Protein chains: 2
Amino acid sequence: MKIHELEKRMKEAGFKLTNQRLSLLSVLDKFSETMVTAEELLTECQKDYPATNITTVYRNLILLEGLRLLHKTSDSKGKSLYKLVCSDEHHHHMVCLDCGKVESFDFCPLEELRKITERNNFRLVEHNLELYGVCSECDKKINEE
Amino acid sequence: MKIHELEKRMKEAGFKLTNQRLSLLSVLDKFSETMVTAEELLTECQKDYPATNITTVYRNLILLEGLRLLHKTSDSKGKSLYKLVCSDEHHHHMVCLDCGKVESFDFCPLEELRKITERNNFRLVEHNLELYGVCSECDKKINEE
DNA sequence: AAACTAAATGCAAACGATTTGCAATAAGGA
DNA sequence: TCCTTATTGCAAATCGTTTGCATTTAGTTT
Ligand SMILES: [Mn+2]
Ligand SMILES: [Mn+2]
Ligand SMILES: [Zn+2]
Ligand SMILES: [Zn+2]
């Protein structure tokens with residue numbers, strides 16, 4: 001989703017387009033392939049609009065999540081990571097443990113999973129499939145050292 | 001894994017079998033099918049050994065994790081959840097959003113996933129597949145209301 | 001069985017990420 | 001330009017978790 005569309009969605013939802021918000025959207029867009037922390041977002045936002053405050057970043061992240069424009073997960077130590085949602089079809093992610101980059105893939109074993117849950121009379125609501133490893137670029141860097 | 005085996009493993013690793021530890025192991029064993037918080041574990045431990053302290057619970061959870069006897073995840077709000085590891089083969093879980101109960105299933109699309117990661121030159125390190133929904137028992141309860 | 005010693009504990013205090021209250025500011029409509 | 005309300009910055013609170021330190025205990029050695 002491009003930045004103009006994001007701004008439009010916020011506006012449509014009745015939110016004001018403040019400098020802090022515009023800055024955050026542009027930063028999130030810049031990092032759209034990588035999971036990033038609130039702190040990292042703040043640092044970037046401040047390059048662009050120095051007065052930005054961490055509280056405001058958090059408040060706007062919550063808001064974007066509510067609009068289903070933001071994907072939130074947490075790292076192994078429980079710290080939250082954010083990334084704009086991808087706009088395409090249902091898919092899953094492979095996440096680089098080194099640089100945080102996220103790549104998508106379309107494969108989903110949902111049919112198999114349904115068979116399993118039905119067999120257990122388990123009412124499936126959602127599922128989570130993620131791959132963790134080292135992306136080709138980081139792997140290359142590591143080998144060069 | 002039964003409780004006697006757990007005690008043995010701790011002893012073999014050179015740790016003392018204190019009352020607090022024995023209590024925690026027995027509580028974890030009691031909850032072996034459900035993800036529970038440190039606070040819930042404390043409450044149970046205290047029924048059994050009232051002097052138990054939350055700090056001690058945390059320290060022993062860290063220790064059990066180190067011994068690979070404990071499975072740790074976090075809930076949607078980032079709070080940690082714990083559960084004894086299952087002893088059987090590689091498998092995945094379906095987690096009840098209502099009662100927290102965890103059921104296992106053996107299916108794993110690992111071969112398909114490998115194809116995908118190889119195609120991307122992504123060095124796969126680990127993967128995570130979890131189903132969330134409502135277990136048959138909770139579903140029954142809900143329908144009865 | 002008493003003494004010993006390192007490991008384990010309890011308590012209080014620190015911690016770090018996130019959230020909240022409140023007064024000041026700014027966006028966008030009138 | 002003025003007005004109203006949402007939004008912000010700041011400081012303080014919160015919450016789960018971790019740490020420092022003095023005290024206690026398990027398991028070993030006399
Ligand atoms: Mn995606
Ligand atoms: Mn399991
Ligand atoms: Zn990478
Ligand atoms: Zn259930």
Side-chain angles (χ1 to χ4, degrees), chain A residues 6-27 35-46 48-67 70-83 100, chain B residues 6-28 35-46 48-67 69-83 100:
Chain A
L6 292 169
E7 294 175 5
K8 188 164 150 260
R9 297 282 192 97
M10 293 220 80
K11 195 148 212 173
E12 280 171 1
F15 298 113
K16 294 177 179 175
L17 294 181
T18 63
N19 293 321
Q20 291 89 333
R21 265 173 202 163
L22 294 173
S23 164
L24 179 62
L25 288 177
S26 106
V27 169
M35 307 289 323
V36 284
T37 63
E39 208 60 50
E40 288 167 326
L41 290 168
L42 175 68
T43 304
E44 281 310 300
C45 285
Q46 287 179 333
D48 175 20
Y49 188 78
T52 312
N53 186 279
I54 188 68
T55 307
T56 301
V57 170
Y58 276 116
R59 285 199 267 231
N60 284 318
L61 290 173
I62 289 167
L63 195 151
L64 286 165
E65 218 193 332
L67 292 177
L70 192 69
H71 175 54
K72 180 182 179 183
T73 54
S74 47
D75 70 10
S76 56
K77 289 182 350 225
K79 195 190 288 188
S80 296
L81 297 173
Y82 307 87
K83 171 185 167 309
Chain B
L6 292 169
E7 294 175 6
K8 188 165 150 261
R9 295 281 193 98
M10 293 222 78
K11 194 149 211 173
E12 280 171 0
F15 298 113
K16 295 177 179 176
L17 294 181
T18 62
N19 292 322
Q20 290 89 332
R21 264 174 202 163
L22 295 172
S23 165
L24 179 61
L25 288 177
S26 106
V27 169
L28 280 170
M35 307 289 323
V36 283
T37 63
E39 209 60 48
E40 287 168 327
L41 290 168
L42 175 69
T43 304
E44 281 309 300
C45 284
Q46 287 179 332
D48 174 21
Y49 188 78
T52 312
N53 185 280
I54 189 67
T55 307
T56 301
V57 170
Y58 276 116
R59 285 199 266 232
N60 284 318
L61 290 174
I62 290 169
L63 196 151
L64 287 165
E65 217 192 334
L67 292 177
L69 296 174
L70 191 69
H71 176 56
K72 179 183 180 183
T73 53
S74 47
D75 68 11
S76 56
K77 288 183 350 223
K79 196 190 289 187
S80 296
L81 298 173
Y82 306 88
K83 170 186 167 309

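Chain naming here is simple, since letters A, B, ... match the order of the sequence lines and numbering starts at 1 in each. Note that the structure is predicted; figures quoted are calculated from it, not measured.
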Take the protein atom [atom1] of [X] and the nucleotide atom [atom2] of [N], then report the distance between them rounded to whole Å.
{"X": "A:K16", "N": "C:dG29", "atom1": "NZ", "atom2": "C1'", "result": "9 Å"}
{"X": "B:M10", "N": "C:dA7", "atom1": "CE", "atom2": "P", "result": "14 Å"}
{"X": "A:N53", "N": "C:dT19", "atom1": "CG", "atom2": "P", "result": "14 Å"}
{"X": "A:E39", "N": "C:dT18", "atom1": "CD", "atom2": "P", "result": "9 Å"}
{"X": "A:I62", "N": "D:dT7", "atom1": "CD1", "atom2": "P", "result": "13 Å"}
{"X": "A:K77", "N": "D:dT18", "atom1": "NZ", "atom2": "C1'", "result": "13 Å"}
{"X": "B:E40", "N": "D:dC15", "atom1": "CD", "atom2": "P", "result": "16 Å"}
{"X": "A:D75", "N": "C:dA17", "atom1": "CG", "atom2": "P", "result": "10 Å"}

A:S23 and its side chain to side chain donor-acceptor pair (under 3.5 Å) partner, picked from A:T56, A:D48, A:T18: A:D48
B:T56 side chain near C:dG10 phosphate (N/O to OP1/OP2, under 4.0 Å): yes
A:N60 side-chain N/O to D:dT7 phosphate OP1/OP2 under 4.0 Å: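 Checking A:N60 against D:dT7: no side-chain N or O falls below 4.0 Å of OP1 or OP2.
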Base, sugar-phosphate alone, or nothing: which one does [X] contact when heavy atoms must sit under 4.0 Å apart?
{"X": "B:S74", "value": "nothing"}
{"X": "B:Q20", "value": "sugar-phosphate"}
{"X": "A:S80", "value": "sugar-phosphate"}
{"X": "B:R59", "value": "base"}
{"X": "A:I54", "value": "nothing"}
{"X": "A:T18", "value": "sugar-phosphate"}

Side chain proximity check, B:L81 to B:V36, heavy atoms < 4.5 angstrom: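 No - every pair of side-chain heavy atoms lies 4.5 Å or more apart.
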Check: A:E40 and A:V27 side chains under 4.5 Å, non-hydrogen atoms: no
Candidate nucleotides C:dT18, C:dG10, C:dA7, ranked by approach to the side chain of A:Y58 - the nearest: C:dT18
A:R21 side chain, from C-beta outward: closest of C:dG28, D:dT19, D:dT8: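 Of all the options, the side chain of A:R21 is nearest to D:dT8.
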Side-chain donor/acceptor of B:Q20 to backbone N/O of B:T52, under 3.5 Å: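 Such a contact is absent between B:Q20 side chain and B:T52 backbone.
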Whether B:R21 side chain and B:N60 backbone form a donor-acceptor pair below 3.5 Å: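 A pair under 3.5 Å: no.
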5' precedence on DNA chain C between B:G14 and A:K79 (nearest-nucleotide basis): B:G14
Electrostatic pair A:K11-A:E7, nearest N-O below 4.0 angstrom: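 Here A:K11 does not pair with A:E7 in a salt bridge, since their nearest N and O are not under 4.0 Å apart.
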Along DNA chain D (nearest heavy atom to each residue), the more 5'-positioned of A:A51 and B:N19: A:A51
5′-ward residue of the pair B:K72/A:Y49 relative to DNA chain D: A:Y49
